[in-house]
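It should be emphasised that the depicted structure is a prediction, and the values quoted were computed from it without experimental measurement. Atom set for the values below is all heavy atoms of this structure, side chains included, hydrogens, waters and symmetry mates excluded.
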Amino acid sequence: MYLGLVCSGVFDDRLDVMLRLGLTGGIGAGKSTVSKILSELGGVLVDADVIAREVVEPGTPGLAKLVDAFGDGILTSDGSLDRPALAAKAFAGDESRTTLNSIVHPLVGARTAELVDGAAEDAIVVQDIPLLVEGKMGALFQLVAVVYVDAEERVRRLVGQRDMPEADARARIAAQASDDARRAAADIWIDNSGAKGDIEESVRALWSERLVPFEKNIRDGVTVVAPPVLVDADPTWQSQAERLVARLAVVCGSAAARIDHIGSTAVPGVEARDVVDIQITVSSLDDADSLAESLRRIGFPRIDNITSDEPEPGYGIGGEADPAVWGKRIHGSADPGRPAAVHIRVDGWPAQRFSLVFRDWLRADADAAAEYVAIKRTAAAAAAEVDDDIDAVETYESAKAPWFDGAYVRAWEWAEASGWTP
Ligand SMILES: CC(C)(COP(=O)(O)OP(=O)(O)OC[C@H]1O[C@@H](n2cnc3c(N)ncnc32)[C@H](O)[C@@H]1O)[C@@H](O)C(=O)NCCC(=O)NCCS
Ligand SMILES: Nc1ncnc2c1ncn2[C@@H]1O[C@H](COP(=O)(O)OP(=O)(O)OP(=O)(O)O)[C@@H](O)[C@H]1O
């Protein structure tokens, strides 16, 4: 995590409202190609490779530290950094590479933070960070895009077009994250395996259909509404939720006792509305309120029409009919590419506990899950008759509600019988 915090220019209160895209990929995958298109479209490019050069220019403390660590054999006759000489030493082993990173990365992080702080409030900042995944920095951006090309093809491109010796290309690839690790970190996957120019259209679409409206939604406090339509279970819901949880954890800090993926998308194999539900457990609704602005900044504005006064399904069923302990706050996602609902509930209150029990009951009991899917299909059919999007969602939710009262009791019976703990 150290690398992440130092190399990316962390989220902080100065970062008013802006959208930050972390762009990464293995060496030679085509990050520069993608970042060029995004900056032509209006993105503010902050390139870690460029900064990494700037902080070791002649006369800088960075260069002096490198010479202390690696000797003056890494200097050319004019006193500037001999990059191939340093690369040969640094990529020869883990220890030397760690030494290099520990000198350069904090300097890159500090300069990055300055540049990001200087961007306009409505900027879409594109941070090109080769080692974003290695440094576990994904949670510090509202979105992470990975440019992908198979490693063997990357070697061919680096050797053929950049005249890099094959052994050097392989040494750097070996020092970087695996494709699987990058896939787990990616909200957006840009496959650059095709011919030059093939990705232009998808990058332009990413800009106009996702980044531009996402940034505006954050500024305006607008959330996206997914239609009440059921889709087949998406095997990536779990990893998508993990990324959202990690981002929420960054801003919630110790205010969150726990953050969980809940709801239907947390039950493998179950058809659902394409909305990832997350629950943040806090100590009080005041704590929830104090998180509201930070959540908006990272892409989850509060939905104001749902207040703490509306009891949830299950209200009173377990004998707990005090409305004061049925409150919650709800935030939605501002990202047009990933509808989500973030429920903030108080530790130990009935709906907070029920959300976890309900999910685990459905995970454990296939018949219960199938019954729920049938209810959802009926609700979706009712919603399909309604024209207005918001009304359709309300129709869908109220059609499901009566079933929940029974489910509340049954889920708790299951929890007791199975010795469930949260
Ligand atoms: C060792 C150096 C001098 C070699 O310079 P060179 O001109 O050959 O490469 P350049 O800086 O253009 O980097 C090209 C690519 O190499 C890869 N790479 C660079 N440094 C590293 C590293 N420490 N670990 C793994 N891969 C790396 C990245 O994919 C990068 O995009 C240089 O790479 C460097 O200073 N590296 C340390 C800084 C760093 O980690 N930069 C990456 C992002 S902060
Ligand atoms: N679709 C493509 N087909 C063939 N060559 C490509 C394609 N896209 C990029 N290239 C070439 O592959 C090389 C690597 O691309 P690029 O410089 O964009 O990668 P990068 O990820 O920024 O690399 P680095 O990690 O070194 O910063 C370049 O020489 C580029 O011209």
Side-chain angles (χ1 to χ4, degrees), residues 10-20 121-122 139-142 214-226 241-263 266 275-316 320-335 338-359 390 393-394 397 401 422:
V10 268
F11 273 135
D12 66 30
D13 290 341
R14 271 282 302 110
L15 302 178
D16 298 316
V17 180
M18 65 173 55
L19 183 69
R20 294 172 72 198
E121 280 182 19
D122 61 353
L140 305 176
F141 300 89
Q142 287 99 338
F214 190 0
E215 185 283 321
K216 187 168 181 343
N217 284 347
I218 293 178
R219 229 172 340 118
D220 296 346
V222 168
T223 58
V224 296
V225 180
E242 282 167 16
R243 289 193 295 275
L244 300 188
V245 166
R247 287 180 181 125
L248 293 165
V250 170
V251 295
C252 291
S254 58
R258 54 188 293 164
I259 306 181
D260 297 278
H261 182 200
I262 58 164
V275 177
V276 171
D277 287 283
I278 307 284
Q279 174 169 273
I280 302 176
T281 297
V282 293
S283 305
S284 69
L285 288 180
D286 285 346
D287 281 359
D289 291 340
S290 65
L291 288 171
E293 182 54 16
S294 307
L295 292 173
R296 180 175 73 93
R297 286 181 186 165
I298 66 159
F300 300 98
R302 178 156 165 194
I303 299 173
D304 282 322
N305 61 355
I306 298 182
T307 70
S308 52
D309 305 331
E310 290 177 29
E312 302 197 77
Y315 170 69
E320 182 47 84
D322 175 1
V325 295
W326 284 87
K328 71 166 172 178
R329 298 289 183 261
I330 181 159
H331 290 240
S333 166
D335 175 6
R338 175 27 64 216
V342 178
H343 312 257
I344 314 182
R345 297 193 175 100
V346 175
D347 208 357
W349 285 9
Q352 182 267 342
R353 302 183 68 221
F354 176 64
S355 293
L356 301 172
V357 174
F358 180 65
R359 175 199 67 190
I390 306 281
V393 172
E394 273 175 20
E397 294 300 336

[X] to [Y] - nearest heavy-atom pair and separation:
{"X": "Lys328", "Y": "His343", "value": "NZ-ND1, 3.0 Å"}
{"X": "Cys252", "Y": "Leu295", "value": "SG-CD2, 4.4 Å"}
{"X": "Val282", "Y": "Ala255", "value": "CG1-O, 3.5 Å"}
{"X": "Ile344", "Y": "Leu285", "value": "O-CD2, 4.4 Å"}
{"X": "Phe300", "Y": "Ala340", "value": "CE2-CB, 4.4 Å"}
{"X": "Ala257", "Y": "Asp347", "value": "CB-OD2, 4.0 Å"}

Could you pull out all residues at least two apart from Glu397 that satisfy salt bridge (charged side-chain N to carboxylate O under 4.0 Å, His left out)?
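With neighbours one apart ignored, the set is Arg273, Lys400.
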Could I get the full list of salt bridge (charged side-chain N to carboxylate O under 4.0 Å, His left out) partners for Arg338, not counting sequence neighbours?
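In terms of salt bridge (charged side-chain N to carboxylate O under 4.0 Å, His left out), with neighbours along the sequence ignored, Arg338 is linked to Asp274.
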Identify, with sequence neighbours excluded, every residue that meets side chain to side chain contact (heavy atoms under 4.5 Å, CB included) alongside Ala292.
His331
Quick one: pull up [atom1] in [X] and [atom2] in [Y] and give me the separation to the nearest 0.5 Å.
{"X": "Glu215", "Y": "Arg219", "atom1": "CD", "atom2": "CZ", "value": "4.0 Å"}
{"X": "Glu242", "Y": "Ile278", "atom1": "CD", "atom2": "CD1", "value": "9.5 Å"}
{"X": "Leu244", "Y": "Gln142", "atom1": "CG", "atom2": "CD", "value": "12.0 Å"}
{"X": "Phe354", "Y": "Ile262", "atom1": "CZ", "atom2": "CD1", "value": "10.0 Å"}

Please walk me through it: do Val224 and Asp335 pass side-chain contact (heavy atoms from CB on, under 4.5 Å)?
CA-CA 7 Å; Val224 296; Asp335 175 6; 5.9 Å; no
Any side-chain heavy-atom pair from Leu291 and Val251 closer than 4.5 angstrom?
no
So, do Val245 and Asp260 sit near enough that their side-chain heavy atoms are less than 4.5 Å apart?
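With C-beta onward as the side chain, the pair stays apart.
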My understanding is that only residues two or more places apart in sequence, or in another chain, count here; which of them pass side chain to side chain donor-acceptor pair (under 3.5 Å) with Gln279?
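Scan of Gln279 (side chain to side chain donor-acceptor pair (under 3.5 Å), adjacent residues dropped) gives Arg345, Ser355.
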Summary of salt bridge (charged side-chain N to carboxylate O under 4.0 Å, His left out) pairs that have at least one residue in residues 350-359, sequence neighbours excluded
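For residues 350-359: none.
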Any pair with a residue in residues 275-290 that passes salt bridge (charged side-chain N to carboxylate O under 4.0 Å, His left out), sequence neighbours left out, goes on the list, sorted by first then second residue, please.
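Every pair satisfying salt bridge (charged side-chain N to carboxylate O under 4.0 Å, His left out) with a residue in residues 275-290: Asp289-Arg302, Asp289-Arg329.
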Okay, side chain of Gln352, backbone of Ile280: is any donor-acceptor separation there less than 3.5 Å?
no
Is it true that a side-chain atom of Arg296 and a backbone atom of Ile218 form a donor plus acceptor pair closer than 3.5 Å?
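At least one qualifying donor-acceptor pair exists.
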Please lay out, stage by stage, how Ile298 and Leu248 fare under the test side-chain contact (heavy atoms from CB on, under 4.5 Å).
CA-CA 8 Å; Ile298 66 159; Leu248 293 165; 4.1 Å; yes
